[in-house]
Amino acid sequence: MSDLLETHVVTTGPAPRYVVIWLHGLGADGFDFAPLVPELAQPDWPDLKFVFPHAPVRPITINNGYPMRAWYDIREMDLEQRSDLEGVYGSVAQIDALIDAEIAAGFAPENVILAGFSQGGAIALTMALQSRHRLPHVIALSTYLPAPMATTEQYRNSGRKPMSKIFMAHGMIDPVVPMHAGMQSYQLLESVGFHVQWHAYAGLQHQLAPQEVTDLQRWLGTILTAG
């Protein structure tokens, strides 16, 4: 396990029953969303373990090759062509390995929740289609599915059955990942059988909003308190 990604871990109690693996965006790191945990977690929820992995440092083409933490290279601004799919699939394999480690540590596979923002969300959506694990719950914020038509067609041809319930949220005036890209991904995922809860927020750019956190709390609460 020495080649596992480095992570930052936050727990909400002494005996976590669920693990949330949360993937940051381009140029950030695993500490980026850790401050959200006290705001998001609710007193009636079971104990949670949040795992915030740090993406590898790699050169980013559209940033003149400047190296930063990223789940894949961004080659150009066009959404259909921008993603380095080799990098995407490499990150999928790295997150699959993290999930393996959490299951080996005692978490039930059905109690693994995958979340991501922006680039991290792109990996989370790709994993809903391509992970070795049958991910029951995926959170994808301000993001899109890389190479959406090719990726969903590959999924259709695989014969796999959709399992993930997906929470997607997007700002209506996002200048980084335009909302139409998120909506297209949402519609494509539903077209291949996934149950997606979609939220869009007026006046919101490439960030989280208080109402978004509230909506995510509500969605997570139905999962975490169902048993």
Side-chain angles (χ1 to χ4, degrees), residues 1-25 28-56 69 71 91-121 123-128 130-143 162-169 194-197 199 208-227:
M1 292 294 181
S2 59
D3 58 345
L4 282 179
L5 292 168
E6 294 183 358
T7 62
H8 174 60
V9 175
V10 177
T11 58
T12 65
R17 284 178 45 205
Y18 291 82
V19 58
V20 182
I21 299 175
W22 194 300
L23 312 181
H24 62 76
D29 60 26
F31 298 108
D32 196 34
F33 281 95
L36 182 66
V37 172
E39 181 182 356
L40 183 65
Q42 296 298 291
D44 62 330
W45 289 3
D47 293 347
L48 305 175
K49 177 182 180 182
F50 284 82
V51 176
F52 298 98
H54 305 292
R69 291 197 181 275
W71 299 109
S91 289
V92 166
Q94 288 180 304
I95 303 306
D96 266 337
L98 277 184
I99 295 172
D100 288 338
E102 295 303 326
I103 292 172
F107 287 96
E110 62 270 21
N111 288 356
V112 177
I113 300 169
L114 182 63
F117 173 82
S118 193
Q119 251 208 3
I123 298 300
L125 289 180
T126 304
M127 290 196 68
Q130 297 193 347
S131 172
R132 291 187 284 101
H133 298 278
R134 302 285 283 165
L135 299 170
H137 304 105
V138 172
I139 299 161
L141 310 176
S142 302
T143 194
M163 181 175 178
S164 304
K165 293 182 179 179
I166 302 174
F167 178 96
M168 292 187 70
F194 288 89
H195 177 74
V196 184
Q197 187 177 124
H199 296 266
L208 267 62
Q211 184 59 49
E212 185 175 358
V213 175
T214 299
D215 291 337
L216 180 55
Q217 278 176 339
R218 187 176 299 113
W219 185 83
L220 274 173
T222 63
I223 296 163
L224 299 173
T225 60

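Worth knowing before you read on, the calculation uses all heavy atoms, side chains too, and leaves out hydrogens, waters and symmetry mates. Positions are given from 1, in the same order as the sequence printed here.
- Separating the CG atom in Leu40 from the CD atom in Gln217 is a distance of 5.5 Å, to the nearest 0.5 Å.
- Note that OG1 of Thr12 is 12.0 Å distant from NZ of Lys49, once rounded to the nearest 0.5 Å.
- For the atom pair CG (Leu23) and CG (Asp32), the distance works out to 12.0 Å, reported to the nearest 0.5 Å.
- Taking 4.5 Å as the limit, some side-chain heavy atom of Arg132 sits within range of a side-chain heavy atom of Asp100.
- Ser91 places none of its side-chain heavy atoms less than 4.5 Å from the side chain of Gln119.
- Side chain of His195 to backbone of Lys165: no donor-acceptor contact under 3.5 angstrom is found.
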Inset, instruction - Check the pair Val138 / Phe194 against side chain to side chain contact (heavy atoms under 4.5 Å, CB included), numbers first and verdict last. - result: CA-CA 11 Å; Val138 172; Phe194 288 89; over 6 Å; no

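- Separation of atoms CD1 (Ile139) and CG (Leu216) is listed at 4.5 Å; rounding is to 0.5 Å.
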Inset, instruction - For the pair Val37 and Phe52, evaluate side chain to side chain contact (heavy atoms under 4.5 Å, CB included) and give the outcome as yes or no after the intermediate values. - result: CA-CA 11 Å; Val37 172; Phe52 298 98; 3.7 Å; yes

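- Considering every non-hydrogen atom in both Pro136 and Pro109, the closest pair reads CD-O, 4.0 Å.
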Legend entry - Chi angles and distances behind the side chain to side chain contact (heavy atoms under 4.5 Å, CB included) call for Thr214, Arg218: CA-CA 6 Å; Thr214 299; Arg218 187 176 299 113; 3.8 Å; yes

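- Residues Phe50 and His8 keep their aromatic ring centres 6.0 Å or farther apart.
- Pro53 and Leu98 get closest at one heavy-atom pair: CB-CD1, 3.7 Å.
- With contacts defined as side-chain heavy-atom distances shorter than 4.5 Å, the pair Ile95/Met127 qualifies.
- Annotation: Glu6, atom CD; neighbour count of heavy atoms from other residues, nucleotides and ligands within 6.0 Å does not exceed 12.
- Pro56 is listed as a side-chain neighbour of Leu5, based on a closest heavy-atom distance under 4.5 Å.
- Counting only heavy atoms from C-beta outward, the side chains of Phe117 and Leu36 never approach each other to under 4.5 Å.
- Between Asp47 and Thr11, the closest side-chain pair of non-hydrogen atoms is not below 4.5 Å.
- A 4.5 Å side-chain heavy-atom check between Phe167 and Leu141 finds at least one atom pair inside the cut-off.
- Side-chain contact check for His199 and Gln197: at least one donor-acceptor pair (N or O, by modelled atom type) lies under 3.5 Å.
- Closest of all the heavy-atom pairs between Pro35 and Pro38 is O-CD, 3.3 Å.
- Shortest non-hydrogen contact noted between His54 and Gly30 is ND1-N, 2.9 Å.
- Smallest separation of non-hydrogen atoms from Ala124 and Ala115: CB-C, 4.4 Å.
- At least one donor-acceptor pair under 3.5 Å links the side chain of Ser131 to the backbone N or O of His133.
- Note: His24 and Trp71 have tilted aromatic rings, judged against thresholds of 30 and 60 degrees for the angle between ring planes.
- With Ser164 contributing its side chain and Leu135 its backbone, the two residues share a donor-acceptor pair below 3.5 Å.
- A distance of 5.5 Å separates CG in Leu48 from CG in Leu224, rounded to the nearest 0.5 Å.
- Note that CH2 of Trp45 is 4.5 Å distant from CG of Leu220, once rounded to the nearest 0.5 Å.
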